[in-house]
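Okay, so here's the structure we're looking at.
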Amino acid sequence: MEAVLKTRGLLSLPPNPTRARSLLNPSQGLKQRLFASKPLGLNGLSVSYKRVPSVVAKPNGLFPEQKSFICKAEAAAAGDGQPLIGETEKKPKFLGIELVTLKKIIPLGLMFFCILFNYTILRDTKDVLVVTAKGSSAEIIPFLKTWVNLPMAVGFMLLYTKLANVLSKKALFYTVIVPFIIFFGAFGFLLYPLSNYIHPEALADKLLAVLGPRFLGPLAILRIWSFCLFYVMAELWGSVVISVLFWGFANQITTVDEAKRFYPLFGLGANVALIFSGRTVKYFSNLRKNLGPGVDGWAISLRGMMSIVVLMGAVICFLYWWVNTFVPLPTRSRKKKEKPKMGTMESLKFLVSSRYIRDLATLVVAYGISINLVEVTWKSKLKAQFPSPNEYSSFMGDFSTGTGIATFIMMLLSQFIFDKYGWGVAATITPTVLLLTGVGFFSLILFGDPFAPTLAKFGMTPLLAAVYVGALQNIFSKSAKYSLFDPCKEMAYIPLDEDTKVKGKAAIDVVCNPLGKSGGALIQQFMILTFGSLANSTPYLGGILMVIVFAWLSAARSLDVQFTALRREEELEKEMERAAVKIPIVSESGSVSPSGSSVDSV
């Protein structure tokens, strides 16, 4: 009798069994795992034989011939239930990408498009509302971020942590995003039209007369409380819906290899959203010019923009449902079990005790402080140049479009940066860009007057030049953030276990993000009170910016070492799981005997 063995296709054994054996526990080697009572063959592998109708490999298939013996072998992860190697079919691909992967990536890209489209509209609208409102100015922003935005972010994080313990991931997603959609719809159609009736302007005027003009910022929060609530909800949309919900969902259904390849590309669609949403804001800003006298054009524009926000929110919910219904989740290493549910204080203590989470928090806080030190100063110059809501909103539309174009270009370069230089280099580009552009902006404010005659030849004043340079600084910094910083940060969550991933993201993205912005606002408040004005404190703000950025770079390097170690550990675990070799036996009836059972040869 004759044993028919095919080295490729029907039979596929490890080319180097010694190496595969070395990856296993010595006490659980191949010899112990397989049929120790059977004779050894094929470089030490125990093989059981069963007489079945013989088959011979042909170019077009397998055809019965004489009776002989046949053996099939399978190398797979223990218990994975993977098909026999010789019978594994290639997964269908489109443009070199597996269709299963496309079913994840395309909906995720569309979700990111819709979320960032909404965020751009909300971000531009919130600034117009609080900066140009009667009795308010750009000075309200540091107080708003410190005394309203931060407490609400902390409260949301505590609530989110509790909800994460009692709700499924799907229920948690809908429970968080639906109230945002309802609020923005209600603001456009109810709260803003009633603002003249619900804002305590008379009380604010009395308090301002008693306390003095230095309390203009805090009293403006009371005076236009519904606008401030909109401001905070718009800020939370960025930190909650983008950072926690979307990126948490993306990390849940993608692998690290997919993330490296596609996370930077998510931003391509997202920054097309920036371009289109910027044009949308510009369109509604110009729409107010064509309305007759006595008509509140801003109210009409606001209703139109909030209607778009609600529509995009419904699309986001639909895409989330579709992915959960039709896309399988990737398998993670079995070693990573979900940790027991922890209370709020236990969760906070656990997160604080993790060096990995602390470094991630440092990155987020440092970015918030750094961008805030420059952004608030720029917005004060922006209001001085464009005092009316119409002009201010129109400029912000152009600014968003410019940010989208710059980030689109950066996204095209980001995949090359990740492939060529890796996570560590990509994580240090954003702080470097922010440092260089921030120093340039502050330098122009400090030494802009000597350039006034030269600027006049180009039809610009030092104020307008500062506005444009500040806009470029924000565009470059935000494009680096969207294309490199955000993907780097989200990749860092993937190797973590599910409990640390969920609660770590809630603590970092919901609390540390506004904490960084509030930290920058507190620094500005202290500097203004100490040195009399923002301009006088500019040299000191530049020095603080350098210290913060250097701390950011140090945390990025530390995180790079830890992230690389976790990735190697995860890859080793998966390799060890796949190294187990099973020898299923084909019976005469065509059924496969499980590994470990003995089938006598006849």
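Every heavy atom of this structure was used, including side-chain atoms; hydrogens, water molecules and symmetry mates were not.
Note: Tyr192 and Phe187 have tilted aromatic rings, judged against thresholds of 30 and 60 degrees for the angle between ring planes.
Checked against the 6.0 Å centroid criterion, the rings of Phe246 and Phe112 qualify as a close aromatic pair. Here Phe184 and Phe230 bring their ring centres to under 6.0 angstrom of each other. Separation of the Tyr174 and Tyr320 ring centroids falls under the 6.0 Å cut-off. The aromatic ring centroids of Trp552 and Phe485 lie less than 6.0 Å from each other.
In plain terms, the two heavy atoms of Val130 and Ile140 that are nearest each other are O-CG2, 3.9 Å. Ala314 and Ile181 make their closest contact through N-CD1, 4.3 Å (heavy atoms, listed as atom of the first residue, atom of the second, distance). In terms of heavy-atom proximity, Val549 sits nearest to Ser370 at CG2-OG, 4.0 Å. When all heavy atoms of Phe180 and Val176 are compared, the closest pair comes out as CD1-O, 3.1 Å. The shortest non-hydrogen separation linking Ile369 to Gly520 is CG1-N, 3.9 Å. Here the closest heavy-atom approach between residue Ile198 and residue Trp225 is recorded as O-NE1, 2.8 Å.
Atoms CE and CD1, on Met312 and Ile121 in that order, are 7.0 Å from each other to the nearest 0.5 Å. Here the CD1 atom belonging to Ile544 is positioned 5.0 Å from the CD1 atom belonging to Ile523, to the nearest 0.5 angstrom. With rounding to the nearest 0.5 Å, the separation of CD1 in Ile429 from NZ in Lys481 is 15.5 Å. Rounded to the nearest 0.5 Å, atoms NZ (Lys206) and CD (Glu201) are 13.5 Å apart. Taking CD1 from Ile357 and CG from Leu360, the interatomic distance works out to 5.5 Å, rounded to the nearest 0.5 Å. The distance from atom CD1 of Ile115 to atom CD1 of Ile316, rounded to the nearest 0.5 Å, is 4.5 Å.
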For this session: Begin with the C-alpha distance, continue with both residues' side-chain angles, and end with the deciding distance and a verdict on side-chain contact (heavy atoms from CB on, under 4.5 Å) for Ser307 and Phe189.
Result: CA-CA 9 Å; Ser307 297; Phe189 289 90; 3.3 Å; yes
For this session: Please test Arg123 against Ser400 for side-chain hydrogen bond (donor to acceptor under 3.5 Å, both in side chains), starting from the C-alpha separation and ending with a verdict.
Result: CA-CA 10 Å; Arg123 182 188 62 196; Ser400 296; 3.3 Å; yes
For this session: Apply side-chain contact (heavy atoms from CB on, under 4.5 Å) to Ile405 and Phe408, showing your working.
Result: CA-CA 5 Å; Ile405 294 173; Phe408 188 91; 5.6 Å; no
For this session: Could you check Thr362 against Leu559 for side-chain contact (heavy atoms from CB on, under 4.5 Å), going step by step and ending with a plain yes or no?
Result: CA-CA 10 Å; Thr362 302; Leu559 194 60; over 6 Å; no
For this session: Could you walk me through whether Ile308 and Phe284 pass side-chain contact (heavy atoms from CB on, under 4.5 Å), step by step?
Result: CA-CA 12 Å; Ile308 295 175; Phe284 283 109; 3.9 Å; yes
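Comment: Lys478 engages Glu375 in a salt bridge, judged by a side-chain N to carboxylate O separation of less than 4.0 angstrom. Using a cutoff of 4.0 Å between basic side-chain nitrogens and carboxylate oxygens, Lys282 and Asp124 are not scored as salt-bridged.
Residues passing the side-chain hydrogen bond (donor to acceptor under 3.5 Å, both in side chains) test with Asp205, sequence neighbours excluded: Arg223.
Remark: side-chain polar atoms of Tyr367 are not paired, donor with acceptor, to backbone N or O of Gly516 under 3.5 angstrom. No donor-acceptor pair under 3.5 Å is formed between the side chain of Ser226 and the backbone N or O of Leu191. Formation of a donor-acceptor pair under 3.5 Å by the Ser554 side chain with backbone atoms of Phe550 is not found in this model. Checked by atom type and distance alone, the side chain of Asn149 never pairs as donor or acceptor with a backbone atom of Leu144 at under 3.5 Å.
For the pair Thr120/Val281, no side-chain contact is recorded, criterion being any heavy-atom separation below 4.5 Å from C-beta on. A heavy-atom distance below 4.5 Å is not found between the side chains of Tyr160 and Leu163. Residues Thr280 and Tyr283 have side chains not in contact (no heavy-atom distance under 4.5 Å, counting atoms from C-beta outward). Within the 4.5 Å cutoff, no side-chain heavy atoms of Val148 are placed close to those of Leu229. By the 4.5 Å heavy-atom criterion applied to side chains, Tyr392 and Asp127 are counted as neighbours. Inter-residue side-chain proximity for Val166 and Leu172 is flagged as unmet; no heavy-atom pair is nearer than 4.5 Å. Contact of the Phe173 side chain with the Lys170 side chain is not registered, since no non-hydrogen atoms from C-beta on lie closer than 4.5 Å. Side-chain contact between Glu490 and Asn251 is present, with at least one heavy-atom pair separated by less than 4.5 Å.
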Cut-off 3.5 Å, no hydrogens considered: what does the side-chain donor-acceptor table look like for residues 465-476, sequence neighbours left out?
residue : atom : partner : partner atom : Å
Gln473  : NE2  : Thr437  : OG1          : 3.4
Gln473  : NE2  : Ser477  : OG           : 3.0
Asn474  : ND2  : Gly470  : O            : 2.9

